[in-house]
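Each ligand, and each atom within it, is numbered from 1 in the order the structure gives.
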Amino acid sequence: MELDSKIYVAGHRGLVGSAILRKLKEKGYANIIGRTRKELDLERQAQVKTFFQEQRPEYVFLAAAKVGGILANNTFPAEFIYSNIMVQTNVIHSAYRTGVEKLLFLGSSCIYPKHCPQPMKEEYLLTGPLEPTNEPYAVAKIAGIKTCQSYNRQYGTNYISVMPTNLYGPNDNFDLETSHVIPALIRKFHEAKIRSSPCVTIWGTGTPRREFLHVDDLADACIFLMNHYDESDIINIGCGEDVSIAELALLVKDIVGYTGDIVYDIEKPDGTPRKLLDVGRLRGLGWRPKLSLEEGIRKTYEWYCRNVAG
Ligand code: GFB
């Protein structure tokens, strides 16, 4: 990408898209476009077609998606599969029709089988059954990967697919029913501290292990790959380390400064037992994350206090 290339960030107000937008600006890219959902409904094929014909972006970061934590995925499977397939298919097809130079599609680490050998290498895609709590979302993301690869094979396009690990950071969703675990824990511990509640409830057993990446690192990796990666093969983006949910809870508790107890609600699902990406391919290209989990959660808690907490 040149600094004056026309770049469209789809989903520029979400967790990932807003981080990519910030990072692009920080690096001096000056011709970036975005559209709110009100301005452009990406589920509508005709609107997407008109937008691409009129705007003719050269590069596209496809970060628009319907996302949510374990409970949201489990409760609204139809919305997750429908919305993601519509949005990604509309954007990828219009990108092809209007000759977009390069597109980056954001997948997810939940595309890998539930009982995948750890750490998960890119070639383990489609080697076993998926985790049931997010299967519809994962199937949509796998369809996105296959769409990019098929267009590359048949039409000679340059569409790359990146698989981020679990993400967190500013502009995350802090709703306790639909969010991912880190924003949920930040909010739960913060509110318990303010209200002097005796305990905080964590979902599941605390034993599942997850790998987390701050979204500023993810954005940096996406821009790096847009500039340095031209393969159809998917590529993982992670930090290469994981923690148990119980360890994560203690870390967030400490950062927030809550002194009460932690209890586990084992009626809530654990989801996949472990999700750690093999990041050898990305490291081989020379990219590494900058923020540790502790620094990243500290920054996110500060952002939460400034922007969300009342
Ligand atoms: O972040 P999370 O919802 O996503 O949950 P997944 C991770 C783990 O944290 C699960 C536990 O074992 C949860 O049971 N957990 C503990 C909590 N307390 C809480 C809480 O208060 N809220 C939440 N949300 N979790 C999602 C997928 O799976 O990960 C998506 O459903 C997507 O498809 C995303 O792939 C990255 O890692 O289990």
Side-chain angles (χ1 to χ4, degrees), residues 14-16 63 65-81 83-85 106-116 118 120 125 130-145 162-169 172-192 197 199-215 218 236-239 242-253 256 258 262-277 293 297 300 304:
L15 171 69
V16 170
K66 179 162 180 67
V67 299
I70 191 164
L71 202 64
N73 267 273
N74 214 11
T75 317
F76 310 110
E79 291 173 38
F80 277 82
I81 195 161
S83 182
N84 285 301
I85 286 186
L106 278 129
S108 165
S109 60
C110 68
I111 55 141
Y112 293 111
K114 174 174 179 135
H115 295 296
C116 200
Q118 305 286 320
M120 303 184 291
L125 173 63
L130 298 163
E131 154 62 31
T133 54
N134 57 34
E135 190 185 51
Y137 175 77
V139 166
K141 289 293 183 185
I142 294 170
I145 295 167
V162 307
M163 299 307 121
T165 191
N166 284 35
L167 303 168
Y168 67 97
D172 209 340
N173 167 19
F174 287 84
D175 179 281
L176 292 180
E177 289 294 307
T178 58
S179 72
H180 288 102
V181 62
I182 289 187
L185 295 190
I186 287 177
R187 177 165 173 188
K188 284 181 181 177
F189 284 118
H190 177 79
E191 290 182 351
S197 310
C199 63
V200 161
T201 305
I202 309 291
W203 295 354
T205 59
T207 57
R209 298 187 68 83
R210 295 287 185 274
E211 175 192 14
F212 297 99
L213 188 72
H214 191 281
V215 75
L218 182 267
N236 291 337
I237 305 181
C239 65
D242 62 354
V243 290
S244 72
I245 296 303
E247 288 163 344
L248 174 74
L250 288 175
L251 180 62
V252 178
K253 178 184 174 201
V256 170
Y258 173 70
I262 294 175
V263 293
Y264 290 92
D265 174 2
I266 58 164
E267 298 297 309
K268 290 281 194 302
D270 268 344
T272 200
R274 193 173 181 204
K275 233 186 327 183
L276 176 64
L277 292 175
L293 182 59
I297 294 178
T300 309
Y304 172 82

Point to revise | Per-ligand residue contacts, ligand 1, heavy-atom threshold under 4.0 Å | key: G68, G69, I70, N73, S108, C110, N134, Y137, N166, S179, H180, V181, A184, K188, I202, W203, P208, R210, I245, P269, D270, K275
Exercise for review: Indicate yes or no: at least one non-hydrogen side-chain atom of S179 is less than 4.5 angstrom from one of N173.
Suggested key: yes
Exercise for review: With sequence neighbours excluded, tell me which residues meet ring-ring contact (aromatic ring centres under 6.0 Å, His included) with H180.
Suggested key: none
Check your understanding: Heavy-atom distance under 4.5 Å between the side chains of H115 and P273, does that happen here?
Key -> yes
**Study point:** Any residue meeting side-chain hydrogen bond (donor to acceptor under 3.5 Å, both in side chains) with T201, in chain and number order, not counting sequence neighbours
**Key:** none
Practice item. Without swapping roles, check the side chain of N236 against the backbone of M120 for a donor-acceptor pair under 3.5 Å. Key: yes
Exercise for review: Quick one: list whatever passes side-chain hydrogen bond (donor to acceptor under 3.5 Å, both in side chains) with E177, sequence neighbours left out.
Suggested key: none
